[in-house]
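Notes follow once the structure below has been shown.
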Amino acid sequence: MKFGLKQIGSIEQEASGFIVRLESVYREALTGIDGFSWLNIIWWANQFDSEEFRDILTTQKPYKKGPEKLGIFATRSPIRPNPVAITPVYVSRIDFKAGVIYTPYIDAEAGTPVIDIKPYHGSSDRVDRWKVPGWCSDWPKTVKESADFAWEDVFNF
């Protein structure tokens, strides 16, 4: 099977937050997206895109309370066989003419390629009953709570 990805835009950082800037050819794809308060931004973790990183399948204790060894699929690490990441972002505003989405925060670096955008919808993106292993059960339960959480107390790096 052969497939390819197209970069549709990139992440930029501003003093007031972040923006997702679309390539001009993709601006029309924003039609009808107004009214969604959250969007899922799918991005390429380009800073970790190498054969060396793609071949890493386990990691030694990335979380302070975690097990000694974890498979990459049990982490949110950008180091993975395909460095694809997804982040739900709050939409502060959208400049449709310029093809720019403004958000206060995204966990991607400036210059990160964006490969897709999907509207966040509770009927498909929200799970009422979910569970996690004990070693991460004290992490925030929502994106909003994550903003003030002491993440430096979680990671070993």
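Predicted, not measured: the structure shown is a model, and the values here were computed from it. Index from 1, following the sequence. Keep in mind that the numbers below use all heavy atoms, side chains included, and drop hydrogens, waters and symmetry copies.
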Original post:
How long is the span from the CD1 atom in I101 to the CZ atom in R21, to the nearest 0.5 Å?
Top reply: 11.5 Å

Original post:
Hey, is CZ on F73 packed in by over 12 heavy atoms from elsewhere, all under 6.0 Å?
Top reply: no

**OP:** Hey, could you give me the CD1/NZ distance between I86 and K118, rounded to the nearest 0.5 Å?
**Re:** 8.0 Å

Subject >> Ion pair R93/D95, N-O distance below 4.0 Å >> reply: no

**OP:** Can you run down the side chain to side chain donor-acceptor pair (under 3.5 Å) pairs that involve residues 55-64, sequence neighbours left out, and say none if there aren't any?
**Re:** none

Subject >> E23 CD: over 12 foreign heavy atoms closer than 6.0 Å >> reply: yes

**OP:** Given side chain to side chain contact (heavy atoms under 4.5 Å, CB included), test Y90 with V143 step by step and report yes or no.
**Re:** CA-CA 10 Å; Y90 177 75; V143 171; over 6 Å; no

Original post:
Quick one: do I56 and F157 end up in the same hydrophobic cluster if we chain Ile, Leu, Val, Met, Phe, Trp and Tyr together by side-chain heavy atoms under 4.5 Å apart?
Top reply: no

Original post:
Can you name the nearest heavy-atom pair linking S92 to T103, along with the distance?
Top reply: OG-CA, 3.9 Å

**OP:** Could you pull out all residues at least two apart from S10 that satisfy side chain to side chain donor-acceptor pair (under 3.5 Å)?
**Re:** none

Original post:
Where do V114 and I117 come nearest, in terms of heavy atoms and distance?
Top reply: CG1-CG1, 4.2 Å

Subject >> From I11 atom CD1 to T87 atom OG1, the distance as rounded to the nearest 0.5 Å >> reply: 8.0 Å

**OP:** Give the C-alpha distance, both sets of side-chain angles, the deciding distance and a yes or no for side chain to side chain contact (heavy atoms under 4.5 Å, CB included) between L39 and Y120.
**Re:** CA-CA 5 Å; L39 299 172; Y120 178 95; 5.8 Å; no

Original post:
Can you hop from I41 to W44 via hydrophobic side chains spaced under 4.5 Å?
Top reply: no

**OP:** Find out if a path of hydrophobic residues (ILVMFWY) with successive side-chain heavy-atom gaps under 4.5 Å connects F96 to Y102.
**Re:** no

Original post:
Among all residues two or more places apart in sequence or in another chain, which pass the side chain to side chain donor-acceptor pair (under 3.5 Å) test with D116?
Top reply: none

Original post:
Would you say W43 and I79 are hydrophobically clustered, going by side-chain heavy atoms of ILVMFWY under 4.5 Å?
Top reply: no

**OP:** Check the pair E12 / V100 against side chain to side chain contact (heavy atoms under 4.5 Å, CB included), numbers first and verdict last.
**Re:** CA-CA 10 Å; E12 297 176 18; V100 175; over 6 Å; no

Original post:
Looking only at heavy atoms, which two atoms of W135 and A74 are closest? And how far apart?
Top reply: CH2-O, 4.1 Å

Original post:
Side chains of N46 and E109: closer than 4.5 Å at any heavy-atom pair?
Top reply: no

Under 3.5 Å, sequence neighbours excluded: what are the donor-acceptor pairs made by side chains of residues 27-37?
residue: R27; atom: NE; partner: A98; partner atom: O; Å: 3.1
residue: R27; atom: NH1; partner: K97; partner atom: O; Å: 3.4
residue: R27; atom: NH2; partner: A98; partner atom: O; Å: 3.4
residue: T31; atom: OG1; partner: E28; partner atom: O; Å: 2.7

Subject >> Joint cluster assignment, Y26 & V20, ILVMFWY side-chain distance < 4.5 Å >> reply: yes

**OP:** Rounded to the nearest 0.5 Å, what's the gap from CD1 on I115 to OG1 on T112? Could you check?
**Re:** 11.5 Å

Subject >> Pairs involving residues 40-52, ordered by first then second residue, that meet salt bridge (charged side-chain N to carboxylate O under 4.0 Å, His left out) (sequence neighbours left out) >> reply: D49-R54

**OP:** Could you list all the side chain to side chain donor-acceptor pair (under 3.5 Å) pairs where at least one residue sits in residues 136-157, not counting sequence neighbours?
**Re:** K65-D138

